[in-house]
Novice: 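Sharing a structure here in structure tokens format.
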Amino acid sequence: MRLGIISALYEEQQGLVEAMQSPYKLVHGMREYFAGQLWEIDAVCVLSRMGKVAAAMTAMTLVEKFQVTHILFTGVAGAGDKSVNVGDLVVAESLVQHDMDASPLFPRFEVPLTGLTHFSADHQLSLRLVSTAHNFLEDEFVSVISPEDQQTFRLSQPRVHRGLIASGDQFISSRKQLEQVNQALPGLVAVEMEGTAVAQVCYEMGVPFAVLRTISDNANEDAATDFMHFVKSVAAQYAFHIVKRFCLASKEALA
Ligand code: ADE
């Protein structure tokens, strides 16, 4: 297994790169790729930056230049539904581009010439991710997230959801915007800006992948408030500890 780990934000990647054994850095296409061992798993960490094109080119480089065999994406997302709260975790079951519309040539949301609107995440990797996320919340959440941050972000009993994630080149920051996406794509659990691009590249290249998102906001008018504070003090912690558990579980599965 050679695991490509894509983070959308610098804060999420930092801890992983510091934890890497015998890392080496390679700069390619305006990105820094860190290759090495993470908890005995051969890994390559990279920051995708935001948006679908940025994510697609990063995923493709991981596959073509670094020969990764699996991809894990970690980042933050807006809640896609009222049942999903800030501080919850979402693991993608399938992913769709909410801003893809080549109608009337192709049905709305269908990626032309793939015949697909939705891309499925790898079942096995996603189940491993769900279980490591659950274990993290149960065993480590209270010790890793300070009581002040738990209070500031009203993080009481965060949960893990598995379901549909919608990606688009838009930061969703109004109720109206979210309602429009939700009406067209019922059953959404999260909205973000990269996952489906990674999903399409992985589908076309035959690489299994999984997507983990920490809910940072309700995709409404308050979405940008405290965003960076949340990323640093909550999402980066979640990502680090869950990726660590994910690597350890993957090592066990390979043994
Ligand atoms: N990532 C985190 N929050 C988001 C939002 N509200 N819309 C799109 N991407 C996001």
Novice: Please identify each residue that fulfils side-chain hydrogen bond (donor to acceptor under 3.5 Å, both in side chains) with K244, with sequence neighbours left out.
Specialist: none
Novice: Applying ring pair (Phe, Tyr, Trp, His ring centres under 6.0 Å), which residue pairs with at least one partner in residues 141-171 are found, sequence neighbours left out?
Specialist: F153-H229, F153-F230, F171-F227
Novice: Answer yes or no: are there more than 12 heavy-atom neighbours, outside Q124 itself, under 6.0 Å from its atom CD?
Specialist: no
Novice: Is it the case that one hydrophobic cluster holds both V68 and L26, taking links as side-chain heavy atoms less than 4.5 Å apart, direct or via other members?
Specialist: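 The answer is yes; both residues are in one hydrophobic cluster.
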Novice: Does L212 belong to the same Ile/Leu/Val/Met/Phe/Trp/Tyr cluster as L125, with side-chain heavy atoms less than 4.5 Å apart forming each link?
Specialist: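 Hydrophobic grouping puts L212 with L125.
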Novice: Sort and list the pairs that fulfil salt bridge (charged side-chain N to carboxylate O under 4.0 Å, His left out) and have at least one residue in residues 148-157, not counting sequence neighbours.
Specialist: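 Residue pairs with at least one partner in residues 148-157: there are none.
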Novice: I'd like to know if the side chain of D99 reaches the main chain of D169, judged simply by a donor and an acceptor atom lying under 3.5 Å from each other, with no hydrogens or angles considered.
Specialist: yes
Novice: Mind checking who shares a hydrophobic cluster with L127, ILVMFWY linked at side-chain heavy-atom distances under 4.5 Å?
Specialist: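 Once heavy-atom contacts under 4.5 Å are chained together, L127 still belongs with nothing else.
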Novice: Determine, stepwise, if the pair I145 / V234 fulfils side chain to side chain contact (heavy atoms under 4.5 Å, CB included).
Specialist: CA-CA 6 Å; I145 309 297; V234 182; 4.3 Å; yes
Novice: Has T196 got a side-chain atom pairing as donor or acceptor with V96's backbone, closer than 3.5 angstrom?
Specialist: yes
Novice: Indicate yes or no for a side-chain donor-acceptor contact from D88 to the backbone of R159 under 3.5 Å, with no hydrogens or angles considered.
Specialist: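 Checked: pair present.
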Novice: Within a strict 4.5 Å, meaning less than it, do heavy atoms of the Y238 and V144 side chains meet?
Specialist: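 Side-chain contact under 4.5 Å: no.
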Novice: Can you tell me how far CG of L188 sits from CD1 of I165, rounded to the nearest 0.5 angstrom?
Specialist: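 Answer for the CD1-CG pair, I165 versus L188, is 9.5 Å.
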Novice: With a 4.5 Å cut-off on side-chain heavy atoms, are V86 and N218 touching?
Specialist: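 They are in contact (side-chain heavy atoms under 4.5 Å apart), so the answer is yes.
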Novice: Listed by chain and number, what are the ring pair (Phe, Tyr, Trp, His ring centres under 6.0 Å) partners of F209, not counting sequence neighbours?
Specialist: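 Ring pair (Phe, Tyr, Trp, His ring centres under 6.0 Å) check on F209 returns nothing, list empty.
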Novice: Rounded to the nearest 0.5 Å, how far does CD of Q150 lie from OG of S233?
Specialist: 11.0 Å
Novice: Can you hop from V181 to M193 via hydrophobic side chains spaced under 4.5 Å?
Specialist: no
Novice: Would you indicate whether the side-chain heavy atoms of R175 and E221 approach each other to under 4.5 Å?
Specialist: yes
Novice: Apply side-chain hydrogen bond (donor to acceptor under 3.5 Å, both in side chains) to the pair R31 and T58, showing each step before the final yes or no.
Specialist: CA-CA 8 Å; R31 278 157 184 71; T58 310; 2.8 Å; yes
Novice: Supply the atom-to-atom distance S174 OG to D222 CG, rounded to the nearest 0.5 angstrom.
Specialist: 11.5 Å
Novice: Answer whether the closest heavy-atom distance between the side chains of L129 and L72 falls below 4.5 Å.
Specialist: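 L129 reaches L72 side chain to side chain.
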Novice: Which atom names give the shortest non-hydrogen contact between L62 and G4, and what distance separates them?
Specialist: CD1-CA, 4.0 Å
Novice: Quick test of your reading: applying side-chain hydrogen bond (donor to acceptor under 3.5 Å, both in side chains), list the pairs with at least one residue in residues 35-48, sequence neighbours left out, ordered by first then second residue.
Specialist: R2-D42
Novice: Under the rule for side chain to side chain contact (heavy atoms under 4.5 Å, CB included), what residues qualify as partners of A219, not counting sequence neighbours?
Specialist: I172, L178, V191, D217
Novice: Going by the ring pair (Phe, Tyr, Trp, His ring centres under 6.0 Å) test, which pairs reach into residues 69-119, not counting sequence neighbours?
Specialist: F119-Y203
Novice: I need the minimum non-hydrogen distance between V91 and S126, along with the two atoms involved.
Specialist: CG1-O, 3.8 Å
Novice: Please set out all donor-acceptor pairs under 3.5 angstrom arising from side-chain atoms of residues 247-255, sequence neighbours excluded.
Specialist:
residue: S250; atom: OG; partner: R128; partner atom: NH1; Å: 2.9
residue: S250; atom: OG; partner: F246; partner atom: O; Å: 2.8

Novice: Report yes or no: do M60 and V44 belong to one cluster of Ile/Leu/Val/Met/Phe/Trp/Tyr joined by side chain heavy-atom distances under 4.5 Å?
Specialist: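 Yes, it is one cluster - the side chains of M60 and V44 are joined through contacts under 4.5 Å.
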Novice: Scan for salt bridge (charged side-chain N to carboxylate O under 4.0 Å, His left out) pairs involving residues 193-202, sequence neighbours excluded, and state none if there are none.
Specialist: E194-R213
Novice: Go through Q237 and E140 one step at a time and tell me if the side chain to side chain contact (heavy atoms under 4.5 Å, CB included) criterion holds.
Specialist: CA-CA 10 Å; Q237 300 297 327; E140 272 180 314; over 6 Å; no
Novice: For A133, check side chain to side chain contact (heavy atoms under 4.5 Å, CB included) against everything at least two apart and list the hits.
Specialist: L89, V160, I242
Novice: Less than 4.5 Å apart, side chain to side chain, heavy atoms only: is that true for Q97 and Q200?
Specialist: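 Yes, at least one pair of side-chain atoms sits under 4.5 Å.
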Novice: Between R245 and S131, is any pair of side-chain heavy atoms under 4.5 Å apart?
Specialist: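 They are not in contact (no side-chain heavy atoms under 4.5 Å apart), so the answer is no.
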Novice: If you measure from CE on M57 to CZ on R49, what distance do you get to the nearest 0.5 Å?
Specialist: 7.5 Å
Novice: Provide the closest heavy-atom pair for T74 versus A239 in the form atom of the first, atom of the second, distance.
Specialist: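 Looking at all heavy atoms of both residues, the shortest contact is OG1-CB, 4.1 Å.
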Novice: Is any side-chain heavy atom of V189 closer than 4.5 Å to one of D81?
Specialist: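 No; the side chains remain at least 4.5 Å from each other.
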Novice: Apply side chain to side chain contact (heavy atoms under 4.5 Å, CB included) to residues T114 and E204 and explain how you reach the verdict.
Specialist: CA-CA 9 Å; T114 64; E204 296 192 11; 3.6 Å; yes
Novice: What verdict does the side chain to side chain contact (heavy atoms under 4.5 Å, CB included) test give for F34 and Q13, after you've listed the backbone C-alpha separation in whole Å, the side-chain angles of each residue and the deciding distance to 0.1 Å?
Specialist: CA-CA 10 Å; F34 296 90; Q13 187 205 34; 3.8 Å; yes
Novice: Quick check: is F240 connected to I5 through a chain of hydrophobic side chains (ILVMFWY, heavy atoms under 4.5 Å apart)?
Specialist: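 Yes; tracing contacts between hydrophobic side chains, which count when under 4.5 Å, links both residues.
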Novice: List the atom of I71, the atom of C202, and the distance in Å for their closest heavy-atom pair.
Specialist: CD1-SG, 3.9 Å
Novice: Tell me the closest heavy-atom pair linking L164 and G187, and the distance in Å.
Specialist: CB-O, 4.0 Å
Novice: Of all heavy-atom pairs between C45 and L16, which one has the smallest distance, and what is that distance?
Specialist: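 Taking every non-hydrogen atom into account, SG-CB, 4.1 Å.
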Novice: Output every pair passing ring pair (Phe, Tyr, Trp, His ring centres under 6.0 Å) with a member in residues 2-28, not counting sequence neighbours, ordered by first then second residue.
Specialist: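 For residues 2-28: none.
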Novice: Got a second to check how far D139's CG is from T132's OG1, nearest 0.5 Å?
Specialist: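 Result: 11.5 Å between the selected atoms.
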Novice: So how far is it from L3 CG to T69 OG1, rounded to the nearest 0.5 Å?
Specialist: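 Rounded to the nearest 0.5 Å, the CG-OG1 separation comes out at 7.5 Å.
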